[in-house]
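Down below is the structure, laid out as structure tokens.
We name chains A, B, ... by the order of the sequence lines, and we start the count at 1 in each one.
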Protein chains: 2
Amino acid sequence: MSEPSLLPPGTDPPDPRRLQAYFALSEATSLLNDQVEQHLRAEGNLSTVQFQILMRLASGDGHATMTDLADGLVHSRSGLTYQAGLLERRGLISRDRSPDDERATLVTIAEEGAELIRRILPGHIHVVRTLLLDLLTDQESDQLADIMTRVRDRIRAEPPRSARRRRGPKRHLPGATEPPAVL
Amino acid sequence: MSEPSLLPPGTDPPDPRRLQAYFALSEATSLLNDQVEQHLRAEGNLSTVQFQILMRLASGDGHATMTDLADGLVHSRSGLTYQAGLLERRGLISRDRSPDDERATLVTIAEEGAELIRRILPGHIHVVRTLLLDLLTDQESDQLADIMTRVRDRIRAEPPRSARRRRGPKRHLPGATEPPAVL
DNA sequence: TATTGTTATACTCTATAACTATA
DNA sequence: TATAGTTATAGAGTATAACAATA
């Protein structure tokens, strides 16, 4: 005999293969994020957000406004201020008023921050390689990138978290999906 | 001209297509988790962990020990106790000593908990469908499930978080990857 | 002795709203 | 008026270690 459905009558359950994809995705990414976080914390005493902030700075020209950073990283502005404060206290970044717009804060990566990234990035890549990248064929890499880009665009296409945000529309995929060309 | 590499000389950068897969995966799952969390909070005032606890109970016979629950859900035991406490205070689950093992706590889903799941599950599925499942072809579903199952097994195969755990080895994929057959 | 689970405690992170200053 | 950012504050969640009870 089979279990009774948890869904109300008339609700058609999702295709089992898709459901399996969803569950496997949830579990695998949760485990992967755990491993990555552990590594970043152990090697550089960095939270994932802090690492992302530094990476974004290190991958570009070393500067960004708080708004630039907040847009890509799903954060609230105050949360970003908090994390940036931690980075600044450690001397990994500096914050100054932007000359262009006196309201804006220009975040600049410090040499110590760049050094830290250079120190921990190889290990980070090793973790990701071992637990994910090495398990993919070339074809699968393309497929996965394809699928996830589609999902990202789909989610970013609607008013999701922006309803809560102060910033206006500008819902034109401001995220940094392309991997930095500096690896 | 191109940016200087962030990697030390001698370190071979990962294949760009794999890197792209990794970045897209990170961003897409982060956005997806955000949406799902927002829905669960808005509709049922549940955290993701609380939802997972209830789902695991509702998908089985309605009972589980704290250890059973802690094994699948990446949690520390104290964190699980905290979340279970919240659920119990709301009358969504009950906790009693196990008759088999007087040390163990038997967690049982309450009718209110089952009702809550029945109420919010359709919306949850709708979110996941809209933002993920509907974007996949049958073939892609299979591919994604295949890839992520491999990743999960790879990560669970080693001593990852268990080094921190109190529980002994038993590293035999205790996770609940199979989607509940009750949807 | 080892295992199950809880508690005490401290800490990290996040979000909301109020506030300042500039555009 | 709207935007950029900070701050104050409060709450949610997590982890560690110590603990009690049972195996």
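- For D:dG13, one of the phosphate oxygens OP1 or OP2 lies less than 4.0 angstrom from a side-chain nitrogen or oxygen of B:Arg41.
- Under 3.5 Å, the side chains of B:Asp68 and B:Thr65 contain a donor-acceptor pair of N or O atoms.
- When the nearest nucleotides of DNA chain C are assigned to A:Glu102 and A:Leu46 by heavy-atom distance, the more 5′-ward of the two goes with A:Leu46.
- Residue A:Leu106 is found outside any hydrophobic cluster, as its side-chain heavy atoms come under 4.5 Å of no other Ile, Leu, Val, Met, Phe, Trp or Tyr.
- Under the side-chain hydrogen bond (donor to acceptor under 3.5 Å, both in side chains) criterion, B:Asp142 pairs with A:Arg17, not counting sequence neighbours.
- Of all heavy-atom pairs spanning A:Leu92 and A:Leu46, the tightest one is CD1-CD2, 4.3 Å.
- One atom, CG of B:Leu86, and another, C1' of D:dG11, lie 12 Å apart when rounded to the nearest Å.
- The phosphate of C:dT12 has neither OP1 nor OP2 within less than 4.0 Å of any side-chain N or O from A:Gln83.
- Atom CG of B:Leu80 and atom P of C:dT7 are 13 Å apart (whole Å).
- Note: CZ (A:Phe51) to P (C:dT12) measures 20 Å, nearest angstrom.
- Evaluation of the side-chain hydrogen bond (donor to acceptor under 3.5 Å, both in side chains) rule for B:Gln143 yields no partner, not counting sequence neighbours.
- In this entry the distance linking CG of B:Asp100 with P of C:dT4 reads 14 Å, nearest Å.
- The phosphate of D:dG5 has OP1 or OP2 within less than 4.0 Å of a side-chain N or O from A:Arg77.
- The stretch residues 87-99 of chain B touches DNA chain D through B:Arg97, each having a heavy atom under 4.0 angstrom from the strand.
- Using a 4.5 Å cut-off on side-chain heavy atoms (C-beta onward), B:Asp15 and A:Leu133 make no contact.
- Counting only residues at least two apart or on different chains, the salt bridge (charged side-chain N to carboxylate O under 4.0 Å, His left out) pairs with a member in residues 113-128 of chain B are B:Glu111-B:Arg118.
- Across the protein-nucleic acid pair, A:Leu40 atom CG and C:dC13 atom P stand 12 Å apart, rounded to whole Å.
- The side chain of A:Asp101 lies closest to C:dA23, out of D:dT16, C:dA23, C:dT14.
- Mapping A:Ser78 and A:Arg103 onto DNA chain D via the closest heavy atom, the residue that lands nearer the 5' end is A:Arg103.
- Here C:dC13 presents its P atom at 16 Å from CD of B:Glu37, a figure rounded to the nearest Å.
- Contacts of B:Arg103 classified as side-chain hydrogen bond (donor to acceptor under 3.5 Å, both in side chains), with partners at least two apart in sequence or in another chain: B:Asp101.
- Atom-to-atom, CG of B:Leu106 to P of D:dT22 comes out at 16 Å; the value is rounded to the nearest Å.
- Of the candidates C:dT22, D:dG13, C:dC13, D:dG13 carries the atom nearest the B:Tyr82 side chain, counting heavy atoms from C-beta on.
- The nucleotide whose nearest atom lies closest to any side-chain atom of A:Ser76 is, among D:dG5, C:dA23, C:dT16, C:dT16.
- In this structure, the CD1 atom of A:Ile53 is 12 Å from the C1' atom of C:dC13, given to the nearest Å.
- Note on A:Leu69: nothing from the nucleic acid sits closer than 4.0 angstrom, heavy atoms only.
- Among the protein residues, A:Thr81 comes within range of the nucleic acid bases, having at least one heavy atom under 4.0 Å from a base atom.
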